[in-house]
Engineer: 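Please see the structure below; I have some questions.
In this text the structure is predicted, and so the values were computed from the model without any measurement. Computed from heavy atoms alone, side chains included, the values below leave out hydrogens, waters and symmetry copies. Remember, it's 1-based here, ligands and their atoms both numbered in the order they're listed.
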Amino acid sequence: MLRLIFLGPPGAGKGTQAERLSAIYRTPKISTGDLLRAEVKAQTPLGQQAKVYMDAGELVPDEVLIGMVKSRLQQLPEQGWILDGFPRTLAQAEALEELLRELGQDYDHVLNLEVPDEVVVARLLARGKEQGRSDDADEAVILKRLQVYRQQTAPLIDFYEAKGRLRRINGNQPMEVVQQHLQTLLEGCRRTA
Ligand code: AMP
């Protein structure tokens, strides 16, 4: 059973790699961005609240995200999980530690996909054109998301490094190569486990 956390700036390839590993290892993926976009699409009260933050490139409040992830992790005791896009703040990371303690669960690795800023901006602009994601179409919103990432999410690298759980992966490579590195890392760890 696998329990993984993906870290990295927007456009680092977290969603793509989480999706691929989810299929290969038959492990459910929990993507908070996808969950929020589904709420926005369904025009639920939560979706309407979240949209304002998402369109501005800001983070949706911690309580909302922590509640969303909590209810899902409680349902997945046996299958494991792959978190994509959560945690994104220290408060979320600490809430996750506490929740996992309560549930008697632990994660195997925190996978940090490293990609330079200029590559991320180019990737997000391309994705905005292809997928019509409104928060990817506007360069000002992209730059805001990168700024929010640096201020609020990048400190998680030190948080997990201090726990000895961080694995750094060069995300500035073709997706097949990144995927291969991830599989090698996961299978290497399983063999020695
Ligand atoms: P993503 O698809 O992961 O890039 O997420 C899209 C947007 O959803 C982000 O720019 C945030 O506004 C919001 N979001 C997703 N995950 C989180 C999170 N863990 N905490 C706060 N906001 C989030």
Engineer: Just wondering, do Leu111 and Ile5 contact through their side chains at under 4.5 Å, heavy atoms?
Structural biologist: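 Contact flag for Ile5/Leu111 side chains = no.
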Engineer: So which bit of Leu59 gets within less than 4.0 Å of ligand 1, heavy atoms only: side chain, backbone, both or neither?
Structural biologist: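 Both parts.
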Engineer: For ligand 1, which atoms have a heavy atom of Glu58 less than 4.0 angstrom away?
Structural biologist: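 Listed by number with element: 11 (C), 12 (O).
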Engineer: Using a plain distance cutoff, I'd like to know if Gly85 has any nitrogen or oxygen under 3.5 Å from a nitrogen or oxygen of ligand 1.
Structural biologist: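 Yes; at least one N/O pair falls below 3.5 Å.
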Engineer: So, Gln183 versus Gln179: side-chain donor-acceptor pair below 3.5 Å or not?
Structural biologist: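 There is such a pair (donor and acceptor under 3.5 Å, judged by atom type) between the side chains of Gln183 and Gln179.
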Engineer: Tyr53 ring centre to Lys51 NZ or CZ under 6.0 Å, with the angle to the axis within 45°?
Structural biologist: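 No cation-pi geometry.
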Engineer: Atom 10 (O) of ligand 1: which protein heavy atom is closest, and how many Å away?
Structural biologist: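 In this structure, atom 10 (O) of ligand 1 has Arg145 NE, 4.0 Å as its nearest protein heavy atom.
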Engineer: Hey, are the side chains of Pro10 and Ile142 touching, using non-hydrogen atoms and a 4.5 Å cut-off?
Structural biologist: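 Side chain of Pro10 against side chain of Ile142, heavy atoms only: no contact under 4.5 Å found.
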Engineer: Around atom 22 (N) of ligand 1, find the nearest protein heavy atom and jot down its residue, atom name and distance.
Structural biologist: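 For this ligand atom, the closest protein heavy atom is Val60 N, 3.1 Å.
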Engineer: Look at atom 20 (N) of ligand 1 and say which protein heavy atom is nearest, naming residue and atom and giving the distance to 0.1 Å.
Structural biologist: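 So the nearest neighbour among protein heavy atoms is Gln92 NE2, 2.9 Å.
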Engineer: State, with a plain yes or no, whether a side-chain heavy atom of Leu124 is found less than 4.5 Å away from one of Glu139.
Structural biologist: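 No, their side chains stay 4.5 Å or more apart.
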Engineer: List the closest protein heavy-atom neighbour of atom 14 (N) of ligand 1: residue, atom name, distance to the nearest 0.1 Å.
Structural biologist: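 Answer for atom 14 (N) of ligand 1: Leu36 CD1, 3.4 Å.
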Engineer: For atom 16 (N) of ligand 1, what's the nearest protein heavy atom and its distance?
Structural biologist: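 In this structure, atom 16 (N) of ligand 1 has Thr32 OG1, 2.8 Å as its nearest protein heavy atom.
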Engineer: Please report which non-hydrogen protein atom sits nearest to atom 1 (P) of ligand 1, along with the residue it belongs to and the distance in Å to one decimal place.
Structural biologist: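 Checking every protein heavy atom, the shortest distance to atom 1 (P) of ligand 1 gives Arg88 NH2, 3.5 Å.
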Engineer: Are any of the N/O atoms in Arg37 less than 3.5 Å from those in ligand 1?
Structural biologist: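 Indeed, backbone or side chain, Arg37 has an N or O that close.
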Engineer: For Gln92, which of Asp62, Thr153, Thr32 qualifies under side-chain hydrogen bond (donor to acceptor under 3.5 Å, both in side chains)?
Structural biologist: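 Testing each of Asp62, Thr153, Thr32 against Gln92, the sole residue satisfying side-chain hydrogen bond (donor to acceptor under 3.5 Å, both in side chains) is Asp62.
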Engineer: Distance only, no hydrogens: is a donor on one side chain within 3.5 Å (strictly under) of an acceptor on the other, for Thr89 and Gln152?
Structural biologist: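 No, no side-chain donor-acceptor contact under 3.5 Å.
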Engineer: Given side chains that start at C-beta, do those of Phe6 and Ile82 come closer than 4.5 Å, heavy atoms only?
Structural biologist: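 The answer is yes, as the side chains (C-beta and beyond) meet within the 4.5 Å cut-off.
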Engineer: What part of Arg133, side chain from CB on, backbone N/CA/C/O, both or neither, has a heavy atom under 4.0 Å from ligand 1?
Structural biologist: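 Side chain only.
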